[in-house]
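In this chain, numbering begins with 1 at the start of the sequence shown. In what follows, every heavy atom counts, from backbone to side chain, and hydrogens, waters and symmetry copies are set aside. What you see is a predicted model; the values in this text were computed from it and never measured. Every number for a ligand or one of its atoms is a count from 1 in the order of the listing.
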Amino acid sequence: MPGFPEVRLRRLRRNAPLRAMFCETRLAVSDLVYPMFVIPRRRQLQEIPSMPGIYRLSVDQAAKEAEEVSRLGIPAVILFGLPEAKDEQGSSAYHPKGVVQRAIAAIKSATPNLLVITDVCLCQYTSHGHCGVVVDEQVDNDKTLELLARTALSHAQAGADIVAPSDMMDGRVKAIRQTLDEANFEHIPILSYAAKYASAFYGPFREAACSAPQFGDRRSYQLDPANRGEALREVEQDIAEGADIIMIKPALPYLDIIRQVRDTFNPPLAAYNVSGEYALVKAAARQGWVEEKKATLEILTAIKRAGADIILTYHAKEVAGWLAEESREI
Ligand code: PBG
């Protein structure tokens, strides 16, 4: 092995064109998915205090926003709904005229080429705020499966391009796949939140989506942040049940998991740069404590370098703008 002084690693870092040519990871706008919160009624736009720049949007506003997202070159959005009413069974999650179902139709008619992914879960729709049916203060796995499958089917019927279950029930990918296939939606892919950790970084999302559990927490279904082997088993299971795309969530505190899943499995890999990760950057930037653009691009590049093919991020719109500026400068 040759060493110094023959070897000088700084040679390829000497100037900007050299650095650009040997850059190993390039973030592209085509990697990004923009999450959106949709609410009932018309002409509503509510800023979420802990997520500056992100709004809850009524269906008509969501369609407008989707047009802007598409103009920026972002290929996909993921929708979260806040229903008018919640009940024990989360029934507005699978109502054919539910808020997400109406938003899918509105977005698809405004921007047919923008991919619409839907989050499939019950927590925004249940009165108790858990991701499934509660029996004796426990989330009942098998009773929940049918409702999740119904929800996914109603999204596909409304025109969703991809369904994304985020509940962490065992067997939900299989249940959703069967239900979709029986209804002739065998062409709709499933993006499974395969390894979703019980994370403190969902705090701002729960404020945004009014989905905090009313008792207890989500540790009986989401993963312990201390565990790695269990995440690999979750991913393996979801692939076996027919998941087309695998997701790790959150992203930044779990880069090691992203890397190991990338090295172990072949399906496309997504990472969710979640609400708390977004809030940390925004809060520090507002104080002048980090440079917002640099910090954001560094974080997203690191997530891609770890192995993610696509990144769900609230930063998507601003990043699309920055990347477009940079390509004009070159
Ligand atoms: C619903 C769901 C959550 C997120 C995505 N889908 C919250 C939770 O599990 O409590 C979090 C997203 C974010 O924090 O940005 N199950």
Inset, instruction - Report yes if some N/O of Gln124 lies less than 3.5 Å from some N/O of ligand 1; otherwise report no. - result: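 The answer is no, given that Gln124 and ligand 1 share no N or O pair closer than 3.5 Å.
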Legend entry - N or O contact, Lys196 vs ligand 1, cut-off under 3.5 Å: yes
Among all protein non-hydrogen atoms, which one is nearest to [atom], and what is the separation to 0.1 Å?
atom                    : answer
atom 10 (O) of ligand 1 : Arg206 NE, 2.6 Å
atom 14 (O) of ligand 1 : Ser275 OG, 2.7 Å
atom 5 (C) of ligand 1  : Lys249 NZ, 2.5 Å

Inset, instruction - Just say parallel, tilted or perpendicular for the rings of Phe205 and Phe80, cut-offs at 30° and 60°. - result: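 Ring orientation, 0 to 90° scale: perpendicular.
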Would you check if [X] and [Y] make a side-chain contact, meaning some heavy-atom pair closer than 4.5 Å?
X      : Y      : result
Val134 : Phe215 : yes
Met21  : Leu12  : no
Arg43  : Asp60  : yes

Salt-bridge contact [X]-[Y] (side-chain N to carboxylate O under 4.0 Å):
X      : Y      : value
Lys304 : Asp31  : yes
Glu292 : Lys282 : yes
Glu68  : Lys317 : yes
Arg259 : Asp263 : yes

Legend entry - Proximity of Cys123 to ligand 1 by residue part, where a heavy atom lies under 4.0 Å: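 For Cys123, only side-chain atoms sit under 4.0 Å from ligand 1.
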Inset, instruction - Check each heavy atom of Asp167 against ligand 1 and say whether those closer than 4.0 Å belong to the side chain, the backbone, both or neither. - result: neither
Whether [X] lies under 4.0 Å from ligand 1, heavy atom:
X      : value
Ser211 : no
Arg218 : yes
Tyr278 : no

I'd like to check which ligand 1 atoms, numbered from 1 as shown, lie under 4.0 Å from a non-hydrogen atom of [X].
X      : value
Phe80  : 5 (C), 6 (N)
Tyr314 : 12 (C), 13 (C), 15 (O)
Tyr272 : 12 (C), 15 (O)

Legend entry - Modelled atom types, side-chain donor and acceptor of Tyr55 and Gln61, under 3.5 Å: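 Their side chains do not contain a donor-acceptor pair, so the 3.5 Å distance test is not met.
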